[in-house]
Amino acid sequence: MDELKEQERVSEDQEPELQYGYTKEELEAPVFEGGPTRLEVEQWKEKYGAIYFTPFEDEVFIWRTLTRPRYRQMIQDKDLTTMD
């Protein structure tokens, strides 16, 4: 049991390069020009799950799908309009 806890602690304390499988340079480089770094994207993926990139003309939008509880929370907010 103690060995399992030690492995989990070591896993959490790993350097990002080992944790994500990218070099330090790759983690620090932006995913696209003017965009977030690979490290930021990997951290978002851990927190939110799937992350999507959609290019539109000169811009790239980064988005994720809504969870059902988040959707319900939003539709109950009377200050939001349909366009929001």
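Just so it is clear, the values below take in all heavy atoms, side chains as well, and ignore hydrogens, waters and symmetry mates.
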- Item | Straight-line distance of Tyr22 OH to Leu39 CG, nearest 0.5 Å | 11.0 Å

- Which heavy-atom pair separates Pro30 from Gly35 by the least distance, and what is that distance? CB-O, 3.6 Å

- Item | Side chain Glu40, main chain Thr37, donor-acceptor under 3.5 Å | yes

- Item | Phe61 ring center near Phe56 ring center (under 6.0 Å) | yes

- Considering non-hydrogen atoms only, spot the tightest contact between Asp77 and Asp79 and give its length. OD1-N, 2.9 Å

- Note on the structure: Minimal heavy-atom distance between Met74 and Leu80, with the atoms involved, is O-CD1, 3.7 Å

- Approximate separation, where rounding is to 0.5 Å, of Thr67 OG1 and Gln73 CD: 8.5 Å

- Message: With clusters defined by side-chain heavy atoms of hydrophobic residues (ILVMFWY) lying less than 4.5 Å apart, directly or transitively, does Val60 cluster with Trp63?
- Response: no

- Does atom OH of Tyr71 have more than 12 heavy-atom neighbours, drawn from other residues, nucleotides or ligands, at distances under 6.0 Å? no

- Check the surroundings of atom CD in Glu46: do more than 12 heavy atoms from other residues, nucleotides or ligands lie under 6.0 Å from it? yes

- Item | Val41 with Tyr52, same ILVMFWY side-chain cluster at under 4.5 Å | no

- Message: Return the CD to CG distance between Glu33 and Asp58, rounded to the nearest 0.5 Å.
- Response: 10.5 Å

- Note on the structure: Here the gap from Leu27 atom CG to Arg38 atom CZ, rounded to the nearest 0.5 Å, amounts to 8.5 Å

- What distance separates Lys24 NZ from Glu28 CD, expressed to the nearest 0.5 Å? 5.0 Å

- Honestly curious: do Leu66 and Tyr48 fall in one hydrophobic cluster under the side-chain, below-4.5 Å linking rule? no

